[in-house]
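Single-structure report; data block below.
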Amino acid sequence: MLAIQGIAEAGSGHPGASFSAAEIMGTLYFRKMRHNPSEPDWNERDYFINSKAHSAPGYYATLAIAGYFPTEEIKTLRKMGARLQGHPVRYSQHQKHHSVPGVEYSGGSEGIGLSVSIGIAIANKLDGKKNRVYTLLGDGESNEGQVWEAAMAAPKFKLDNLVAILDRNRIQQDGFTEDVMPLDPLRDKWLAFNWNVIEIDGHKVEQIIDALNRANQIEDKPTLLVANTIKGNGIKHMTNNPQWHGKAPPRKHTPVLLQELESECLIAPSIIAGERENYEEKVRKAERGGADIIHLDVMDGRFVPNTTFFADTVRKLRRITSLPFDVHLMIEDPLKHLQDYIDARCDIITVHVETCYETEFVTIREKLLNSGISPGVAINPSTNLPDWIYSHTEDIDVVIIMSVNPGFAGQKFIPEVLPKMVKTSRKLREHGFKGYIEADGGIDATNLQQVYDSGARILVAGSAVYGSSDIHGAIIQLRHKANVALEKRLIEHATNIGTRSDWMKIRKHILIPLASELEIEGELHAIK
Ligand code: DX5
Ligand code: ZN
């Protein structure tokens, strides 16, 4: 969001590339690297070399949020006299006003960063230091001959302290990479140069963490992560569109773009619904249908009048998919069993506030955060969040608001929950909550719009998915409804700030398939 603000203020910049690498940079700075924003030159730090330096707005946003400089400074992007220039300038204590704290490498000319990284990695090895070096490479940048010279050199020096991450978004300044200069078979090429190669979805934080952990265990070889990414990810009309490689969005659209980034909605099939068991098949079908995450309802027959499955099942399912696991613990004494679920490698673990006091929750939250798992809290339809939650909002990633009484799939949605959802979302945001509101129970295509409008951004769907004979089709239908809900919201926002027709023009290709439900067919048709 900061990246978009900066680019729009500056009137120029690279939105597409900033978004394709957002999760990569975020994971490095907030989950993986050892670094110290108050001491950028700290001797023990890991290094991040942003070789594809044009993703600067996203890089600056990451550094600002990490604490290297104030977030407001993003507004000075590309301004005369400012330190945040279009291509970042390496930090120097002697040039405090002209260099950027946290930046290790002055970029601009493509193709050089990997060679610089090799220099740092060799120096660290010679000094017997454990610091690691992470380099972000572009796929367009990989046209440069120097990248391949560096690719040859790193294995020669057995640089197992070096990880290069290729932002494989398949689009460069002049078009699609495969038209400009084909890179495939990319994996085989790097393997032939004697690198350890791991391929991942570069927007899935859990896959990035897992790959970086694996890279850390490799000895005597550098690692290349091929991170498959989407240029412009997060803003639908910029997605995979070469036009937006280096073009700034009009400033008047900024508020709507920011709203879009906040309005992402995840579809989470709950596998306890439908025919009993056969969970593996259900997970596979959800993945094929395009679900975003898998919702796993753990019930112990005590907190709720039903028993489903436990950590051993979660562990088995973990092997068959890389989709994030959203584990909803409906059990008494969640702290007692927590470690089993941590070991089963869940991504979100949610506990009911009805099952723990503040002190227990704090222990649970610490354990989860230390294991790289997102903590969540859940409330029953008749419960409100206790006041103590509001002093922990910054460390909670998910709040589940139950829209049925927990225990069984296939119950009727309780509409009285909606006003509570609106109020709770608002109050949480006022207290700095930046995570997802999740609605759970009885959600289907008929009420999705209302649930979305009430603030929920993770939508659990059990029977609406597994009660259908066409699981794939059911997920697509829910996704379509979620898209309608999102576009409706954005058009309303654009209308309120007087940019309705401009917004619809820029968004036309996204809006066409939704036009009849949005009741804008005529208006859209009239736009040239
Ligand atoms: C209820 C569970 C829900 C539920 C979802 O206790 O937490 O996840 O099973 O299934 P549907 O959508 O059928 O209510
Ligand atoms: Zn649930």
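Order of appearance sets the numbers: ligands from 1, and atoms from 1 within every ligand.
- Remark: aromatic rings of His328 and His295 are close, center separation under 6.0 Å.
- Within Asp297, the N, O or S atom lying nearest to the Zn ion (ligand 2) carries the name OD1.
- Contact residues of ligand 1 (protein heavy atom closer than 4.0 angstrom to a ligand atom; sorted by chain and number): Ser270, Ile272, His295, Asp297, Met299, His328, Met330, Met402, Pro406, Gly407, Phe408, Ala409, Gly410, Asp440, Gly441, Gly442, Val460, Ala461, Gly462, Ser463.
- We find that Lys412 and Asp444 are not joined by a salt bridge, their nearest charged nitrogen and carboxylate oxygen being 4.0 Å or further apart.
- Between Phe361 and Trp388, the two ring planes are tilted [angle within 30° to 60°].
- For the pair Asp139 and Arg170, the salt-bridge criterion is not met [side-chain N within less than 4.0 Å of a carboxylate O].
- Considering just the N/O/S atoms of Asp440, the one nearest the Zn ion (ligand 2) carries the name OD2.
- With respect to the Zn ion (ligand 2), His328 has ND1 as its nearest N, O or S atom.
- Ring centroids of His35 and Tyr68 are separated by less than 6.0 Å, placing the two rings close together.
- Taking the six-membered ring where tryptophan is involved, the planes of Phe48 and Tyr59 are perpendicular, since the angle between them exceeds 60° and thus also 30°.
- Ring-plane geometry between Tyr279 and Phe309 is classed as perpendicular, the angle between the planes exceeding 60 degrees on a 0 to 90 degree scale with a lower cut at 30.
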